[in-house]
Amino acid sequence: MPVTRTLNPLPFNDLEPRRFEDLVRQLVYDFRPWMRLEATGRAGSDDGFDVRGIEPGDAVTGNSSRSDNEEDEDRATDVGSIDERTWLIQCKREKEIGPTKLRKYLDDISVAERKELYGIIFVASADFSKTSRDVIAVWVRENGLSEFQIWSVSDIETMLMQPKNDHILFAFFGISLQVRKRSVASALRSSIAMKRKVLRTFEKHQYGDFLIRDPLASDFPYAEKGRRLRWIVRKHRGCDFRGLGFQFREYIAYANDSGDWDVANAHDEAIPRHDNPWLEYEQRSLSDEDRAELLRFRAGMDENLRADLSVIAFIPFDQVVAVDEAGDDCWGTGRDRPTIYVPIEEGGLIQLHDDSDLSLTRGTGRVDVPFDDGKRVKFFPEKFRREELE
């Protein structure tokens, strides 16, 4: 069962170059209190600019030693003559940009334009090495710029994952994490409600039999020879954090003091025999004659060597589609038995999960035996054994 669902890397390189520039411009809006933010790259001849940002000269730093009155006087004096700081935002929708290519892109900016720059933001849909970051730092110092930013693909993804940018993520990639969060909350509430309904149902029926049925099994209750059923009857074995437990398999077994064991797994005792109209269609059952022979073989065993191999499987509550407490009148004559609707894969019954309980107990006191795959021996006649446990 999947526990979590993660987001794959965003396909930046599927965007057209101009759309990548649009994306960056949306993200850069909150970077500074811009006076203007111009998409110069869309005009064609951009002089090395994809986006140009103009901010007020006092937007970032100020003289902290000056009083508020002095600052107010300066503002009153300088109205209409606010200094401007020009930023170059250069966008490259490329998978790889090494130090040499990065230096070339920077050197392509005309000398005249460099003199007007306060800062540069270099954005690419690629990862940057430390050497590449050092290259832009050196270039900025050589050309007298005051600030620089370098945004890699990881930086852009981090920005897009912020709740404030969810609308940008949706606009460019059709993904909304906020909608996903609401969907998760809705699914969780549904799972909790189903858990409560299952618990209420089995409080009444305790450890009786119940039907596990695929809601799409349109041929129910009619069975055909050679065709696997998409429903099974099993015994309820309680509920816990894993979901609804049921007796998936139960085999007659052998175990000794040394931990050696064997199992007659050609026959599954977990399949209820009473009031089960589909007993003959479960392929793991022996004929009545062979089962009787197996039970006689078990009766002749030393009682301290008699064992049972039990597999309790669990249906997660979020996989339960519906619960019919009354059940159907086509099975369980004279008794209401619940039906649990769960998707069952075509060609198979219930798939075992990694957290299923497998236990080997022996003797009259039902002593637990450590289950070691490598200590299986041949004790039962071959007609009652299968090499693979299912």
* To do: Using modelled atom types only, decide if a donor and an acceptor are shared between the side chain of D214 and the backbone of R230 within a distance under 3.5 Å.
  => no

* Polar side-chain atom of D260 near backbone of V377 as donor-acceptor pair, under 3.5 Å -> no

Side-chain contact test, heavy atoms from C-beta onward, threshold under 4.5 Å: evaluate it for [X] versus [Y] and give yes or no.
X	Y	answer
Q247	S310	yes
I89	V24	yes
M35	E55	no
Y29	L37	yes
W278	V233	yes

* To do: May I ask you to check if R93 and F12 form a cation-pi contact, with NZ or CZ under 6.0 angstrom from the six-membered ring centre and within 45° of the axis?
  => no

* Would K92 count as a cation-pi partner of F122, with NZ or CZ less than 6.0 Å from the six-membered ring centre and within 45° of the ring normal? ->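 Judged by the rule, K92 and F122 form no cation-pi pair.
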
Between [Y] and [X], is there a side-chain donor-acceptor contact under 3.5 Å, judged purely by atom types and distance?
X	Y	result
N265	R386	no
D166	S176	yes
D107	W139	yes

Decide, yes or no, whether a salt bridge links [X] with [Y] under the criterion of side-chain N to carboxylate O below 4.0 Å.
X	Y	result
R298	D308	yes
D262	R385	yes
R200	E325	no
K383	D290	yes
R19	E16	no
R18	D22	no

* Quick one: are the ring centres of Y254 and F380 less than 6.0 Å apart? ->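 No - the distance between ring centres of Y254 and F380 does not fall below the 6.0 Å cut-off.
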
* Would you call the rings of F31 and W151 parallel, tilted or perpendicular, where under 30° means parallel and over 60° means perpendicular? ->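 Aromatic pair F31/W151 classed perpendicular.
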
* salt bridge (Lys or Arg N to Asp or Glu O under 4.0 Å) between R296 and E289, intermediate numbers included -> CA-CA 11 Å; R296 287 194 296 272; E289 292 78 11; over 6 Å; no

